[in-house]
Undergrad: 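Pasting a structure below so you can have a look.
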Amino acid sequence: MPRVLINGFGRIGRSVLRALTTERKGTNVDVVMINDLAAPEHLNYLFKYDSIFGRHPSEVSLDGTTLCVSGQRIPLLKEANLNSDLLQTVDCVLDCTGRGKDPQFARNWSSTDVKHVLVSGPCPTADLTLIPGANDAAFNDQKIISLGSCTTNAIAPLLPLIDRDFGLASAHVTTIHCYTASQPSIDTANGSFERSRAAALSMVPTTTSAADLVDKVLPALKGRTVVSSVRVPSPTVSAIDLVATVNASVTAADINETLLGYRNSIIGCVDEPLVSSDLRMRPESVILALPQTRATGNQIRLFGWYDNEWGFANRMIDVAREL
């Protein structure tokens, strides 16, 4: 059982621990430490009470600098730089700080003795960008592993299946993404002009890291997919709208029958007329809404939901337990 340190106890870090102490309890992942610069009292409060997932169903308390939950006692560290002595008892670090794009990020971790670092976001200098269900075979005990983005995890497992069964000529994917902490709550200068606008008041067209990551993860399909994004005023659960040109003339029924055969822990399917809030805390990377499938000649359209926090946290757990 890997001994794990969660570095950064924000939305993803807390979701990982919540999953491990609720629905994924008993999974072979042992969280032995949490490191975050926030005060322990604040971390305890935000873990116990969550605006998206609700109050934690188990007793959550703080004993000095130790978080107590579901019978576990997890030390809370407040280290700007994790030293080698602290990492000696750790097999894997889940780095959920969101700093993976920093050019120094991978270099800093490379100098430590920890065996594996899983990064909860894009990391250009990682040894591998791994998307479960898409490029699992690329893992060869690399040290620094990025799990890409939630949107890449929703898209990348689908594209090889489409190519295998129907022949993928080209695709355009729009992610309809809930707002995140990278957007302001009121209008304020913040990167691009569009992202400077109040997140909960407008739909915001923007870019997505998935546009580059899909090509990186699936080099055999490089150049065939374009990805765009619209941030919407919803706090949780996002969606992908995928329109593809394929090499065969197919029907919506053909597509759905094929996709149903691929259902697993990564790709889910629903056949009811659901809305985004119905998919909250679904653990799959993408949940295809079968009633939304369309086909006209050799053009197809798929619509898939994904809980961009909960699904991604579950993929981190899946990869960590296999290390």
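On a predicted model such as this, the values are computed, not experimentally measured, just so you know.
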Undergrad: I want to check something: taking the side chain as every heavy atom from C-beta on, are Leu87 and Asp113 in contact at a cut-off of under 4.5 Å?
TA: no
Undergrad: Does any N or O in the side chain of Ser146 come within less than 3.5 Å of the main-chain N or O of Gly121, such that one atom is a donor and the other an acceptor?
TA: yes
Undergrad: Determine whether a donor-acceptor pair (N or O, by modelled atom type, separation under 3.5 Å) exists between the side chain of Arg282 and the backbone of Asp278.
TA: no
Undergrad: Treating Ile, Leu, Val, Met, Phe, Trp and Tyr as nodes and any side-chain heavy-atom pair under 4.5 angstrom as an edge, say whether Leu62 and Leu43 lie in one connected cluster.
TA: yes
Undergrad: Counting only heavy atoms not in Arg197 (residues, nucleotides, ligands), do more than 12 fall under 6.0 Å from its CZ?
TA: no
Undergrad: Are Ile317 and Met281 connected in the hydrophobic side-chain network, where two residues link if heavy atoms are under 4.5 Å apart?
TA: no
Undergrad: Out of curiosity, Leu76 CG to Phe9 CZ, how far, rounded to the nearest 0.5 Å?
TA: 7.5 Å
Undergrad: If only atom types and distance count, is the side chain of His177 paired as donor or acceptor with the main-chain N or O of Ala239 below 3.5 Å?
TA: no
Undergrad: Count the heavy atoms of every other residue, nucleotide or ligand shown that sit under 6.0 Å from CG of Asp85, and state whether that count exceeds 12.
TA: yes
Undergrad: Do Val114 and Lys143 pass the side chain to side chain contact (heavy atoms under 4.5 Å, CB included) test, and can you show the C-alpha distance, the side-chain angles, and the key distance before you say yes or no?
TA: CA-CA 8 Å; Val114 66; Lys143 179 172 182 173; 4.3 Å; yes
Undergrad: Do Leu82 and Trp109 have side chains that get closer than 4.5 Å, going by heavy atoms?
TA: yes
Undergrad: Could you walk me through whether Asn256 and Thr293 pass the side chain to side chain donor-acceptor pair (under 3.5 Å) test, one step at a time?
TA: CA-CA 7 Å; Asn256 284 345; Thr293 302; 2.8 Å; yes
Undergrad: Check which hydrophobic residues are tied to Phe303 through side-chain heavy-atom contacts below 4.5 Å, counting indirect links as well, and list them.
TA: Ile176, Met203, Val230, Val232, Val237, Val270, Leu274, Leu279, Ile287, Trp305
Undergrad: Would you call Ser58 and Ser70 a side-chain contact if the rule is heavy atoms closer than 4.5 Å?
TA: yes
Undergrad: Measure from the side-chain N and O atoms of Asp136 to the backbone N and O of Gly133, and report whether any donor-acceptor pair falls under 3.5 Å.
TA: yes
Undergrad: I would like to know whether Thr151 and Tyr306 meet side chain to side chain donor-acceptor pair (under 3.5 Å); could you show each step before the answer?
TA: CA-CA 8 Å; Thr151 301; Tyr306 60 109; 2.7 Å; yes
Undergrad: Give the other cluster members for Leu37, using side-chain heavy-atom distances under 4.5 Å between Ile, Leu, Val, Met, Phe, Trp and Tyr residues; answer none if it is isolated.
TA: none
Undergrad: Does anything in residues 201-219 form a side-chain hydrogen bond (donor to acceptor under 3.5 Å, both in side chains)? List the pairs, not counting sequence neighbours.
TA: Arg195-Thr206
Undergrad: Between Arg107 and Asp102, does the salt bridge (charged side-chain N to carboxylate O under 4.0 Å, His left out) criterion hold? Intermediate values first, please.
TA: CA-CA 10 Å; Arg107 187 179 304 170; Asp102 184 335; over 6 Å; no
Undergrad: Do Asp50 and Arg11 meet the salt-bridge criterion of a basic N to acidic O distance under 4.0 Å?
TA: yes
Undergrad: If we only count heavy atoms from C-beta on, is the Asp141 to Lys115 side-chain gap below 4.5 Å?
TA: yes
Undergrad: Given Glu309 and Cys150, is the side chain to side chain contact (heavy atoms under 4.5 Å, CB included) satisfied, shown in steps?
TA: CA-CA 7 Å; Glu309 294 176 345; Cys150 54; over 6 Å; no
Undergrad: If hydrophobic clusters are built by linking Ile, Leu, Val, Met, Phe, Trp and Tyr wherever their side-chain heavy atoms come under 4.5 Å apart, do Leu5 and Val31 end up in the same one?
TA: no
Undergrad: Would a distance-only check, ignoring hydrogens and angles, find a side-chain to backbone donor-acceptor pair under 3.5 Å from Asp163 to Leu168?
TA: yes
Undergrad: Are more than 12 heavy atoms, taken from residues, nucleotides or ligands other than His42, located less than 6.0 Å from that residue's NE2 atom?
TA: no
Undergrad: So, for Pro233 and Ala200, which heavy atoms are closest and what is the spacing to 0.1 Å?
TA: CB-O, 3.3 Å
Undergrad: Does the side chain of Ser238 come under 3.5 Å of the side chain of Asn308 through a donor N or O and an acceptor N or O?
TA: yes
Undergrad: Do Asn135 side-chain atoms and Thr129 backbone N/O form a donor-acceptor pair below 3.5 Å?
TA: yes
Undergrad: Are there over 12 heavy-atom neighbours, none belonging to Glu79, within less than 6.0 Å of that residue's CD?
TA: yes
Undergrad: Work out which heavy atom in Leu213 is nearest to a heavy atom in Gly148; give both atom names and the distance.
TA: CD1-CA, 3.9 Å
Undergrad: Are the side chain of Asn153 and the backbone of Ser285 linked by a donor-acceptor contact shorter than 3.5 Å?
TA: no
Undergrad: Any side-chain heavy atom of Leu118 within less than 4.5 Å of one from Cys92?
TA: yes
Undergrad: Can you tell me how far the CZ atom of Phe166 sits from the OG atom of Ser249, to the nearest 0.5 Å?
TA: 11.0 Å
Undergrad: For the atom pair CG (Leu290) and CG (Leu260), what is the distance rounded to the nearest 0.5 Å?
TA: 5.0 Å
Undergrad: Taking the side chain as C-beta and beyond, is there a heavy-atom pair between Val246 and Ile162 under 4.5 Å?
TA: yes
Undergrad: Quick check against the 3.5 Å criterion: does Arg3 have a side-chain atom that pairs as donor or acceptor with the backbone of Asp30?
TA: no
Undergrad: Do other residues, nucleotides or ligands put more than 12 heavy atoms under 6.0 Å from the CZ atom of Arg99?
TA: no
Undergrad: Going through the checks in order, is the side chain to side chain contact (heavy atoms under 4.5 Å, CB included) test met by Leu20 and Gln72?
TA: CA-CA 11 Å; Leu20 285 170; Gln72 291 181 262; 5.8 Å; no
Undergrad: Mark yes or no for whether Arg315, through its side chain, and Phe312, through its backbone, hold a donor-acceptor pair below 3.5 Å.
TA: no
Undergrad: Side chains of Gln299 and Val243, heavy atoms from C-beta outward: is any pair under 4.5 Å?
TA: yes
Undergrad: Do you know the tightest heavy-atom contact between Asn264 and Glu284?
TA: O-CG, 4.1 Å
Undergrad: Verify the cluster assignment for Val173 and Val204: are they in a single hydrophobic cluster under the rule of side-chain heavy atoms below 4.5 Å apart?
TA: no
Undergrad: Just by distance, do the side chain of Asn44 and the backbone of Pro40 share a donor-acceptor pair under 3.5 Å?
TA: no
Undergrad: Kindly assign one of parallel, tilted or perpendicular to the pair His56 and Phe47, based on the angle between their ring planes and the thresholds 30° and 60°.
TA: tilted
Undergrad: Can you find a heavy atom in the side chain of Glu322 that is under 4.5 Å from one in the side chain of Phe139?
TA: no
Undergrad: Under the criterion side chain to side chain contact (heavy atoms under 4.5 Å, CB included), I'd like the reasoning laid out for Trp310 against Ile52: C-alpha separation, chi angles, the key distance, then a yes or no.
TA: CA-CA 10 Å; Trp310 198 254; Ile52 300 298; over 6 Å; no
Undergrad: Can you give me the closest heavy-atom contact between Val119 and Gly100, atom names plus distance?
TA: CG1-CA, 4.3 Å
Undergrad: Atom CZ of Arg231 and atom OG of Ser229: how far apart are they, to the nearest 0.5 Å?
TA: 5.5 Å
Undergrad: Which atoms form the tightest heavy-atom contact between Ser15 and Phe53, and what is the distance?
TA: OG-CE1, 3.5 Å
Undergrad: Quick one, Thr188 with Asn190, criterion side chain to side chain donor-acceptor pair (under 3.5 Å). Give me CA distance, side-chain angles, the key distance, then yes/no.
TA: CA-CA 6 Å; Thr188 186; Asn190 182 49; over 6 Å; no
Undergrad: Can you name the closest pair of heavy atoms from Gln183 and Cys178 and give their distance?
TA: OE1-O, 4.4 Å
Undergrad: Are Ile144 and Ile131 connected in the hydrophobic side-chain network, where two residues link if heavy atoms are under 4.5 Å apart?
TA: no
